[in-house]
Structures are given as structure tokens and as C-alpha cells.
Amino acid sequence: MPRTPLPTVRGARGSGRGDDCGRGAILANPMTDEAASRRVTERLAALREADGRLARALKATTAHVSSLPETAIDMEPAEAIAAAIAALREPLPAELLALAAAEEVSTRQGLDLVGGGPEPSSATASNAVQGAYGAVGEASGAAASLFATGRLMFEGAACDLAVDRMKTYAQATRALNALLPQVVGWELREEGLACHCVCPMCGLGACGCIWASLHNIDLAWGGAGLAEPDEHGIPLRSPPRPGSQLAAAGVHQWDRVVAVDDQAVRAPAELQTALRRHAIGEEVRLRIEHNGDSREVVVRHASDLP
């Protein structure tokens with residue numbers, strides 16, 4: 001069967017994002033080489049299949065997360081996942097259509113990027129998020145391999161596609177990082193397992209461990225963590241622990257601690273420091289904001305880390 005003619009790409013769509021991949025008309029045209037075009041085609045096929053598995057895993061994650069109570073977690077990361085799924089639906093660059101139709105991958109082109117296969121089996125939302133982590137890792141590896149192959153085989157459009165995909169995968173990873181600690185915390189609460197931390201903040205019932213998880217996961221991935229103080233106070237990302245002082249005072253999830261002893265607090269570290277100015281058992285005045293209304297709650301410094 002004759003092969004579909006392969007295009008020569010000269011400076012296509014930026015040609016490798018600011019470098020010289022695909023440029024240089026005075027060079028020979030390696031894409032006329034059968035083996036070279038086959039390598040790019042194989043990498044492209046692997047990426048498209050990985051894209052499909054990732055899209056299905058992200059869809060499963062979205063379905064599980066959307067089934068949680070509306071106030072259970074911050075839903076903004078789920079919106080970022082929806083944007084990533086939309087990006088995976090984008091068609092291949094025109095320069096790569098001939099490669100995608102080549103004989104080596106002709107049986108794979110019916111792949112539906114948002115369906116066409118079983119979704120990951122996940123008993124819980126956290127399992128779904130973990131499954132998406134695995135899928136995004138596989139897809140990232142496929143994109144990196146496509147970029148390197150496209151670079152070496154002088155195929156600028158392949159480089160561009162790989163870079164676009166890697167940016168999408170990074171976006172999805174950031175969203176998964178933001179979702180997982182919140183989902184795990186919700187699932188533990190559903191099992192009756194409240195926060196066991198004895199730091200000053202958690203000791204009052206205002207769990208700071210979800211915040212710490214989000215902060216440190218972001219740091220581990222090269223981000224800044226939750227470094228920017230919130231001028232509107234500290235949102236309680238989970239409901240106060242049952243039986244705690246804040247629960248008894250009628251404080252709710254997503255209420256904000258805006259001040260301690262009339263001193264504004266904008267981050268958990270500031271809240272912890274303010275609480276530690278009091279000895280165990282001493283009274284502390286907290287300013288709590290709920291739906292724009294604020295009130296004072298008097299509690300006692302209950303516990304601290306050893």
C-alpha cells in the first residue's frame with residue numbers, strides 16, 4: 001500500500017517554540033526518509049492514545065468530584081480540569097494530519113479523545129484523582145518523547161503539538177494537586193475520622209492540615225505554595241471538628257478567621273503565631289466572618305504540638 005506523502009515543515013506554527021526546530025531551508029529534508037517519518041508517526045499515535053486515556057480519567061475525576069456536596073471542597077480546580085479536557089479535543093495541526101493518516105496508525109484513528117473506552121474504575125473520588133495522576137504522567141512522557149523525536153527528525157509541527165500538550169498536562173496536574181487533599185479530607189470526615197492534629201489551630205477545631213497539604217504539595221511541584229496572604233482572612237476549608245469549641249460556637253466550613261485579639265490574620269502561620277501568644281487554657285478572642293457578617297467568638301487555647 002503506498003504511503004501518504006509527508007509534508008515538509010518549514011517554520012510551522014513557531015517551529016519548536018522559539019528554537020530552530022523545523023527551520024533552515026538549506027538543510028536536507030529528513031522527512032522524506034521512510035524510517036524518520038515512521039518514528040514521528042509512532043510517537044504521535046502513542047500521544048493520541050495517551051490523550052484519550054487522560055481525557056477519560058479527567059472525566060471520571062470530574063464526575064466523582066461533582067457528586068460531592070456543593071460546599072465540600074473548592075470547585076475551582078474542577079473548572080481547570082474541564083478546560084484541560086477541552087484542550088485535548090483540539091484537532092491535530094494541519095501539518096500532522098498526513099502523519100496521523102499514515103499506514104502505521106490507520107487502525108488507531110477512531111480514538112475519541114473524550115470517550116471510546118472504559119473509564120477508570122474508582123470506588124471513591126480520591127481514587128479517581130489518583131487514576132488521573134497516573135494518566136497525566138503517561139501522557140507527559142508521550143509528549144516528551146514526541147518532542148524529542150520531532151526535534152531530531154526535523155518536524156516542527158510535532159514539536160509544537162508536544163509543547164501545547166505538556167502545558168495542558170501541567171494545568172491538569174496543578175488542578176489535581178489542588179483537588180486531592182480536599183477530597184481526601186472530605187472522605188475521611190464521611191468515615192467519621194476528624195482531624196487529629198493538636199496544633200493551636202486544629203486544637204480549636206479549625207483544621208489547618210488541608211491548607212498545609214495544599215501548600216506543601218504545591219511546593220514539592222515547584223510552585224510557591226499558598227504563599228500569598230489572603231487579605232480577607234483565613235477560610236476554613238473543612239467544617240470545625242465535631243465537639244470542638246468552634247463547632248459549639250456555630251462556626252461553619254468556609255467561614256473566615258479574620259482577626260485574633262483584634263489583630264488581623266491573613267494566613268494560617270499568622271493565626272498559629274497569634275494563638276501561641278496565649279498559654280494553654282487562656283482565653284482568645286477570634287473575629288469570625290460568615291457570609292459578610294462578622295462576630296466575636298471567645299475560645300481557650302486548647303493544645304499545641306510538643
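All values derive from a computational prediction rather than experimental measurement.
- Between Asp304 atom CG and Cys197 atom SG the span is 9.0 Å, to the nearest 0.5 Å.
- Nearest heavy atoms, Arg189 versus Ser238: NH1-CB, 3.1 Å.
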Step by step, work out the side-chain contact (heavy atoms from CB on, under 4.5 Å) result for Val251 and Leu286.
-> CA-CA 11 Å; Val251 177; Leu286 305 181; over 6 Å; no
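- Leu188 and Leu236 are assigned to two separate hydrophobic clusters, defined by single-linkage of ILVMFWY side chains at heavy-atom distances under 4.5 Å.
- Closest heavy-atom contact between Met166 and Ala143: CG-CB, 3.6 Å.
- You'll find the side chain of Leu275 reaches within 4.5 Å of the side chain of Leu204, heavy atoms only.
- Residues Val265 and Leu214 fall into different hydrophobic clusters, defined by Ile, Leu, Val, Met, Phe, Trp and Tyr side chains chained together at heavy-atom separations under 4.5 Å.
- Counting only distance, with no hydrogens or angles, the side chain of Gln171 and the backbone of Ala80 share a donor-acceptor pair below 3.5 Å.
- Closest approach of Ala178 to Pro77, counting heavy atoms only: CB-CG, 3.5 Å.
- Taking hydrophobic clusters as Ile, Leu, Val, Met, Phe, Trp and Tyr residues chained together by side-chain heavy-atom distances below 4.5 Å, Tyr169 shares a cluster with Leu179.
- Judged by distance alone, the side chain of Thr168 and the main-chain N or O of Ala84 form no donor-acceptor pair under 3.5 Å.
- Judged by distance alone, the side chain of Gln253 and the main-chain N or O of Thr71 form a donor-acceptor pair under 3.5 Å.
- Using a cutoff of 4.0 Å between basic side-chain nitrogens and carboxylate oxygens, Arg256 and Asp230 are scored as salt-bridged.
- Cluster membership check: Leu152 shares its hydrophobic cluster with Leu96, using side-chain heavy-atom separations under 4.5 Å among Ile, Leu, Val, Met, Phe, Trp and Tyr.
- The closest donor-acceptor contact from the side chain of His64 to the backbone of Thr62 lies at 3.5 Å or more, if one exists at all.
- The main-chain N or O of His278 is never found under 3.5 Å from a side-chain atom of Glu282 such that the two would form a donor-acceptor pair.
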List the steps, then state whether side-chain contact (heavy atoms from CB on, under 4.5 Å) holds for Trp186 with Gln182.
-> CA-CA 6 Å; Trp186 180 81; Gln182 298 184 86; over 6 Å; no
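- Across all their heavy atoms, Gly185 and Ile210 have their closest contact at CA-CD1, 3.9 Å.
- Counting only distance, with no hydrogens or angles, the side chain of Glu187 and the backbone of Ser126 share a donor-acceptor pair below 3.5 Å.
- Atom CD of Glu76 is surrounded by 12 or fewer heavy atoms from other residues, nucleotides or ligands within 6.0 Å.
- Note: Leu246 CG to His252 NE2 = 11.5 Å, rounded to the nearest 0.5 Å.
- We find the CE-CD distance between Met75 and Glu70 to be 7.5 Å, quoted to the nearest 0.5 Å.
- The backbone N or O of Gly281 sits less than 3.5 Å from a side-chain atom of Arg300, completing a donor-acceptor pair.
- The number of heavy atoms from other shown groups lying within 6.0 Å of CH2 (Trp221) does not exceed 12.
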Could you check Trp254 against His290 for side-chain contact (heavy atoms from CB on, under 4.5 Å), going step by step and ending with a plain yes or no?
-> CA-CA 8 Å; Trp254 303 115; His290 174 78; over 6 Å; no
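- The CD1 atom of Ile234 lies 12.5 Å from the CD atom of Glu289; values are rounded to the nearest 0.5 Å.
- Rounding to the nearest 0.5 angstrom, the gap separating the CG atom in Asp51 from the CZ atom in Arg53 is 10.0 Å.
- Put simply, the side chain of Glu296 never gets that close to the backbone of Arg285: no donor and acceptor are under 3.5 Å apart.
- Following chains of ILVMFWY side-chain contacts shorter than 4.5 Å, one can reach Leu180 starting from Leu54, so the two form part of one hydrophobic cluster.
- The closest side-chain heavy-atom distance from Leu161 to Glu90 is not below 4.5 Å.
- Considering every non-hydrogen atom in both Gly150 and Cys159, the closest pair reads C-SG, 3.6 Å.
- Put simply, CZ on Arg39 and CE on Met153 are 9.0 Å apart, with the number rounded to the nearest 0.5 Å.
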Should Met201 and Val257 be marked as a side-chain contact (heavy atoms from CB on, under 4.5 Å) after you check the CA-CA gap, both sets of side-chain angles, and the distance that decides it?
-> CA-CA 11 Å; Met201 184 174 169; Val257 182; over 6 Å; no
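- Of all non-hydrogen atoms in Cys209 and Cys195, the two that sit nearest each other are SG-SG, 3.7 Å.
- In this structure, Arg174 and Asp218 have side chains that are not in contact, with every pair of non-hydrogen atoms separated by 4.5 Å or more.
- Looking at His301, its side chain does come within 3.5 Å of a backbone N or O of Ser303 through a donor-acceptor pair.
- Side-chain atoms of Ser145 never come within 3.5 Å of backbone atoms of Ala142 as a donor-acceptor pair (strictly under, hydrogens ignored).
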